[in-house]
Protein chains: 2
Amino acid sequence: MTRAKVVDRATRILDAGGPDALTLSRVARELGVRPPSLFDHIEGLPGLLRALRIRSFEAQTELLRAAAVGRSEDDALRAVALAYRGFTTAHPGLYRISVRTYVGDAPEVQRAAGALLSAFLEILRGYAIAEDELVHAARFARGALHGFLTLEAEGGFGLATNVDASFERTVDAICRALGTWTSPIGGWSSASTARGRPSRPRRARMRSAELGR
Amino acid sequence: MTRAKVVDRATRILDAGGPDALTLSRVARELGVRPPSLFDHIEGLPGLLRALRIRSFEAQTELLRAAAVGRSEDDALRAVALAYRGFTTAHPGLYRISVRTYVGDAPEVQRAAGALLSAFLEILRGYAIAEDELVHAARFARGALHGFLTLEAEGGFGLATNVDASFERTVDAICRALGTWTSPIGGWSSASTARGRPSRPRRARMRSAELGR
DNA sequence: GGATATTTCCTAACTATATTAGGTTGGGTT
DNA sequence: AACCCAACCTAATATAGTTAGGAAATATCC
């Protein structure tokens, strides 16, 4: 019984049964030991979750780097997107657990998350995007990819008609947006924007209705 | 003590303390009753979560409709995006809980989720996008919005430098992509694409490494 | 090789949570 | 006045996580 085996088994349970299925009792049962025995290898449930998050971030980072090597711009982004989708499909639970609790988490987790972030930034460096716009572009691209995959994993697309095609179109759209990235002041990037830049959104006020009290 | 009060209090706890803070014990304590008393108003914890998800979807749907009324295309999308961000900021817990568990959930929850989906589709109808492309465009737009807001809410952007600007850029990027939406066959929409349509991504194979065993 | 230290598992016990069963009470109805 | 039922209660059970402390196996050191 080693720490790695505990985390391995937890990963399997997580991927197969979702977050609610993962309990120390179950991990212990499947490993043939009693729950308290796990505490000699992980620091309780929080420690196990921490280990899983780190594993998830590291896997994603490596994946991303491997997919991008030797490619650039749209080519790199497409490869990364495909690899990412492969990951969320193969390890839905592990992916999910990496979302949530970046902030306030242990330094090691923060570090793993940071590595993923910078790997992503690296890929976007191929595009003709001003340095101070890069972070915005990265947030957009990562968010778009992440949002699609999350919704897909959660079944948020309702009837699963043609999700593959939707994904291709989504990646295309991201590439298109990155290829025509603009600064808010004037045109920066090589290509001119297709439809200019429509009026700045005026701050709309929202009512939070009678939710929560 | 009414059902509505239970759900209200649960919403507050959820928004203030996150998913882990929400327990029946706590709801009961804050309402001045004992836990079993709650069972006369909700069907246990699963029932409470169900009610919360429904409330979340309904709130989002109404919000979206209200923001879009009287506007179209980019104008509508910008307003919707702002309203959405306002919602996730005001009710992070309630928003979170709507993500996850679409599939396999109770019919009422499915219905509430479906209403949100179709409201979103309605907004995109203003764009010059072919009918059979609409669903793809909606998945992209919703995913991008959702992904950004999720990452922001989870602190996934690391140092919170200029997230407001990132959001504006992201909404711009979504508008741009929708304005230049293409069909995979040929040009459909009004504007021609800025950078043509690069080679179809070839299915990359991924290794799932030694994760989960 | 034998004494010792460390690792790894165990049982026992405690806490919190969700949940069921069944009792009490008071307001409103016939 | 008798009744019903809505809304609360106490008591009890099951499961999860966790701590304390002990026993056995394994590694380490003289």
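Side chains included, hydrogens not; waters and symmetry mates left out as well; all remaining heavy atoms used. Protein chains get the first letters and strands the later ones, always in sequence-line order, with residue 1 at the start of each.
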Notebook entry, point to check: Distance-only, no hydrogens or angles: does the A:Arg176 side chain make a donor-acceptor pair with backbone N or O of B:Ala177 under 3.5 Å?
Noted result: yes

Notebook entry, point to check: What parts of residues 37-45 of chain B reach DNA chain D, counting only heavy atoms under 4.0 Å away?
Noted result: B:Ser37, B:Asp40, B:His41

Next item on the list: Give the rounded distance in Å between these two atoms: CZ of A:Arg3 and P of C:dC9.
Entry: 14 Å

Next item on the list: Not counting sequence neighbours, which residues clear salt bridge (Lys or Arg N to Asp or Glu O under 4.0 Å) with A:Glu122? List them please.
Entry: A:Arg125

Checklist line | B:Ser98 vs B:Gln60 side-chain heavy atoms within contact, under 4.5 Å | finding: yes

Next item on the list: May I have the distance from A:Asp20 (atom CG) to C:dT17 (atom P), rounded to whole angstrom?
Entry: 17 Å

Item checked: Residue A:Met1, side-chain heavy atoms: nucleotide from C:dA18, C:dC9, D:dA16 that is nearest -> C:dC9

Notebook entry, point to check: To the nearest Å, how far apart are B:Arg29 CZ and C:dA18 C1'?
Noted result: 14 Å

Check: Under 3.5 Å, is there a donor-acceptor pair between the side chain of A:Arg50 and the main chain of A:Ala106?
Finding: no

Check: Would you call the rings of A:Tyr95 and A:Phe87 parallel, tilted or perpendicular if under 30° counts as parallel and over 60° as perpendicular?
Finding: perpendicular

Next item on the list: Find the distance A:Arg34:CZ to C:dC10:C1' and express it as a whole number of Å.
Entry: 8 Å

Notebook entry, point to check: Reckon B:Thr23 has a side-chain N or O less than 4.0 Å from the OP1 or OP2 of C:dA16?
Noted result: no

Next item on the list: Measure up the B:Phe140 and A:Phe140 rings against each other and bin them: parallel (under 30°), tilted (30 to 60°), perpendicular (over 60°).
Entry: perpendicular

Notebook entry, point to check: Taking CG from A:Leu24 and C1' from D:dA16, how many angstroms apart are they, rounded to a whole number?
Noted result: 8 Å

